[in-house]
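This report concerns only the one structure given below.
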Amino acid sequence: MKKKNLLLVFSIILLASCTEKRYEKSATFPQNATLEEKLKIASHIVPSPQQLAWQELETTVFFHFGINTFTGREWGDGTESPTLFNPTNLNTDQWCETVKNAGFKLVIITAKHHDGFCLWQTKTTKHSVAASPWKNGEGDVVKELQKSCEKYGLKFGVYLSPWDRNAVSYGDSPAYNQFFMEQLTELLTNYGKVDEVWFDGACGEGPNGKVQKYDFPAYYNLIKKLMPNAVVAVSGDDVRWVGNEAGFGRDTEWSVTVLQNDVREEAKISNEKLGISTTSKELGSKELIEKAEKMVWWPSEVDVSIRQGWFFHPKDDARVKTAEQLANIYFNSVGKNSVLLLNIPPNKEGLIAKQDSINLAEYGQFLRQMYAENKLEETKTWKSKQQCESKIFDVKKEAKFNVIELAEDIRYGQRIESFSIEVLKNNNWETIAKGTTIGYKRLLRLPILNVEKIRINIQARDNFRFKHVKAYLAEEFISKPIIERNKDGMVSIKANENATIKYTTDGTTPNQNSELYTTPFEFLSKGTIKAIAIYSEGKKQSDVQSRDFDIAKKEWSIIARSDEELHYEAEKAIDNNENTIWHTPWDSDAKKHPHFITIDCAQQLKVKGFVLIPRKDMLGGIPYNYDFYISNDGKNWKKIIANGEFSNIKNNPVNQEVLFQQTETLRYFKFVALNEVENNAWCSVAEIDLITK
Ligand code: FUL
């Protein structure tokens with residue numbers, strides 16, 4: 001044999017021994033496969049090239065902008081006049097510049113939200129920018145943003161809500177599906193390259209009283225044809241919703257899951273059989289795999305807003321997430337094998353607001369600083385031949401670190417089931433961290449360490465490959481103090497042990513000369529308390545923490561209730577403690593809606609609205625539609641809100657602030673829940689407050 005041929009034969013043999021079987025996106029298990037065989041297959045399911053490219057983006061942005069920006073609502077009902085849409089200074093370059101500097105790689109615009117108002121020049125409906133005064137009806141937000149993305153080198157995506165509360169054909173399934181696909185076609189033909197299409201699963205009744213049946217498979221085919229490289233998110237096969245809108249991923253996050261996109265009937269049946277949904281605690285455990293027939297590569301996306309809601313509301317200005325909160329979200333999403341989709345809603349002017357920009361810049365700077373230097377000596381990629389292996393890494397001379405990054409090479413799948421990390425201290429190996437899955441990226445935050453070596457121990461489902469192991473020194477944030485008030489109006493302020501706390505009660509900014517906090521104090525009136533934490537004898541100072549309080553509920557009492565469960569009394573809704581809740585019984589013969597509580601405020605008040613604080617754990621009883629009554633004698637009642645709606649409370653249980661049409665005088669009020677987000681018979685409320693004048 002000639003030398004050249006010999007070489008060829010050798011290379012083929014070598015290649016054959018290196019190339020393992022790979023299943024792109026999904027695999028169906030052979031009948032009667034053992035758990036061991038199934039785990040082997042699961043280990044070889046890999047992302048599609050589109051999914052891999054998407055995962056590598058790490059951080060992406062949502063821009064919720066539309067008619068809700070101008071009405072103050074979270075879900076419009078579709079009856080809003082397009083003339084309300086009139087941003088005075090829209091500048092998509094400013095949006096892109098802000099997010100680019102904070103490290104984000106892709107942006108998604110709400111081209112159409114549930115209210116049906118279209119931000120682009122569409123031929124499908126009159127309910128769009130064309131009917132607005134903005135740029136005399138000639139503007140196109142989607143086009144402007146796409147151009148800015150090109151200018152700033154950002155990828156581009158569109159959110160198109162299937163639920164449409166304006167379209168006349170909605171509910172007439174085939175006609176609406178046709179209409180929806182025409183909208184999709186416009187967006188995927190006239191706006192350059194689209195990298196992500198985001199579908200929400202929300203679905204309601206149309207004007208004909210019928211529930212719309214979305215034809216997702218047809219939507220997917222259309223996307224495949226027009227934009228084959230785009231990933232389809234959430235109600236899509238490429239990207240999975242993490243299961244909450246609060247910004248945290250799972251500790252155990254498998255990108256290869258037994259949960260399937262349930263827009264198809266067979267997937268729905270399989271999920272039901274396994275008893276799982278997007279909100280389940282684990283989606284790739286051995287117990288589930290044992291029972292499953294199929295697995296898919298369906299990685300998680302964490303969507304969360306920098307503000308309380310998804311749209312910009314000036315009332316949330318004081319509660320924009322700080323750089324520290326954003327960094328925590330980053331560690332809890334990207335650091336837990338997910339992609340972050342952070343919502344940054346532009347304001348009525350059409351700009352990202354100042355505070356949001358400042359916090360984003362600080363967050364971006366924090367990450368740049370952290371990633372600037374790997375504190376470990378470079379090593380060759382770690383490829384193991386076994387399922388169980390350990391490896392020692394040298395720390396650079398004298399280097400300190402407080403973050404460790406573990407990253408599997410997911411081009412070969414996700415295989416690691418558990419890990420532990422040890423450090424060498426005084427010739428002893430000491431365990432400092434333990435965890436389960438790794439996947440694309442796992443970030444571990446630790447106290448600052450000054451050691452020479454670290455050892456990583458791995459247990460996997462098959463042999464495994466790392467992309468890298470790195471360590472960093474992240475700057476520490478100076479945490480703001482926490483301000484709380486109890487039912488009796490006593491305010492307590494907490495900060496780290498070694499901090500001194502200074503505060504004000506008149507709305508002015510506290511400084512080192514302000515009042516020193518030592519013990520809880522009484523504060524019964526409406527007002528703002530601000531505090532700072534001071535460290536290192538005044539050399540370091542936290543940002544200002546500010547809390548607005550309405551009048552204390554000290555004298556309030558419950559005078560009537562529809563029902564209550566033991567330990568979940570109605571009083572818990574006015575005890576000023578969000579961790580305790582009013583809950584009506586949840587057994588099978590539980591009393592059904594409407595459920596109500598009636599409150600006596602013990603004095604006459606001038607009131608602008610109310611705040612309902614839902615339980616934050618997303619579990620049972622959260623109200624959706626409600627009535628609200630007021631009275632001055634507890635006998636004659638006036639209904640001031642009929643069939644109100646807590647939009648999106650199911651997915652994002654943030655405080656619901658509701659303003660009345662006008663200021664009202666009242667001593668008594670009655671909150672009546674008409675139904676529950678999941679249509680259960682019971683009702684729960686963590687807290688209810690009034691907004692006084
Ligand atoms: C949800 C929607 O209902 C919200 O309004 C928001 O758009 C969020 C990203 O998805 O399900």
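All residue numbers in this chain count up from 1 along the given sequence.
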Hey, which of Glu74, Lys348, Arg307 is the one that makes side-chain hydrogen bond (donor to acceptor under 3.5 Å, both in side chains) with His313?
Glu74
Without hydrogens or angle criteria, can the side chains of Gln369 and Gln365 be said to hold a donor-acceptor pair below 3.5 Å?
no
Of the options Lys224, Arg264, Lys25, which is the one that meets Asp237 in a salt bridge (charged side-chain N to carboxylate O under 4.0 Å, His left out)?
Arg264
Taking Asn136 for its side chain and Glu138 for its backbone only, find out whether a donor-acceptor pair lies under 3.5 Å.
no
Leu160 CG to His113 NE2 distance, which is reported to the nearest 0.5 Å
11.0 Å
For Asp172 and Lys210: C-alpha separation, side-chain torsions, deciding distance, then whether salt bridge (charged side-chain N to carboxylate O under 4.0 Å, His left out) applies.
CA-CA 7 Å; Asp172 175 358; Lys210 288 199 191 135; over 6 Å; no
Just by modelled atom types, is the Ile352 backbone N or O under 3.5 Å from a matching donor or acceptor in the Gln94 side chain?
yes
For the backbone of Ala474 and the side chain of Asn402, can you confirm whether one donor and one acceptor N or O come within less than 3.5 Å of each other?
yes
Backbone N/O of Trp298 and side chain of Arg240: donor-acceptor pair under 3.5 Å
yes
Kindly state whether the ring of Phe179 and the ring of Tyr176 have centres lying under 6.0 angstrom apart.
yes
Where do Trp198 and Glu301 come nearest, in terms of heavy atoms and distance?
NE1-OE1, 2.7 Å
Check: Phe199 ring centre within less than 6.0 Å of Phe180 ring centre:
yes
Quick one: are the ring centres of Phe366 and Tyr330 less than 6.0 Å apart?
no
Just by modelled atom types, is the Asn648 backbone N or O under 3.5 Å from a matching donor or acceptor in the Asn652 side chain?
no
So, Asn177 side chain and Tyr214 main chain: donor-acceptor pair closer than 3.5 Å or not?
no
Main chain of Lys213, side chain of Ser173: is a donor-acceptor contact present, judged purely on distance under 3.5 Å?
yes
Report yes if the distance between the aromatic ring centroids of His44 and Tyr23 is under 6.0 Å, otherwise no.
no
Tell me whether Glu373 contacts the main-chain N or O of Ala471 through its side chain, where contact means a donor paired with an acceptor under 3.5 Å.
no
About how many Å separate CG of Leu360 and NZ of Lys321, when rounded to the nearest 0.5 Å?
11.5 Å
Is there a ring-ring contact (aromatic ring centres under 6.0 Å, His included) between Phe331 and Phe248 once you walk through the steps?
CA-CA 9 Å; Phe331 282 107; Phe248 50 86; over 10 Å; no
With distance as the sole criterion, is a donor-acceptor pair present between the side chains of Asp409 and Tyr440 under 3.5 Å?
no
Flag the pair Lys441 and Glu405 as a salt bridge only when some basic side-chain nitrogen lies within less than 4.0 angstrom of an acidic carboxylate oxygen.
yes
Between Thr110 and His64, is the side-chain hydrogen bond (donor to acceptor under 3.5 Å, both in side chains) condition met? List the steps.
CA-CA 5 Å; Thr110 50; His64 273 68; 5.4 Å; no
Between Trp75 and Trp310, does a ring-ring contact (aromatic ring centres under 6.0 Å, His included) hold up when you go through it step by step?
CA-CA 9 Å; Trp75 284 356; Trp310 289 96; over 10 Å; no
Taking atom types as modelled, find out whether Thr322 and Glu324 have a side-chain donor-acceptor pair closer than 3.5 angstrom.
no
Please determine whether a side-chain nitrogen of the Lys or Arg among Lys650 and Glu245 lies less than 4.0 Å from a carboxylate oxygen of the Asp or Glu.
no
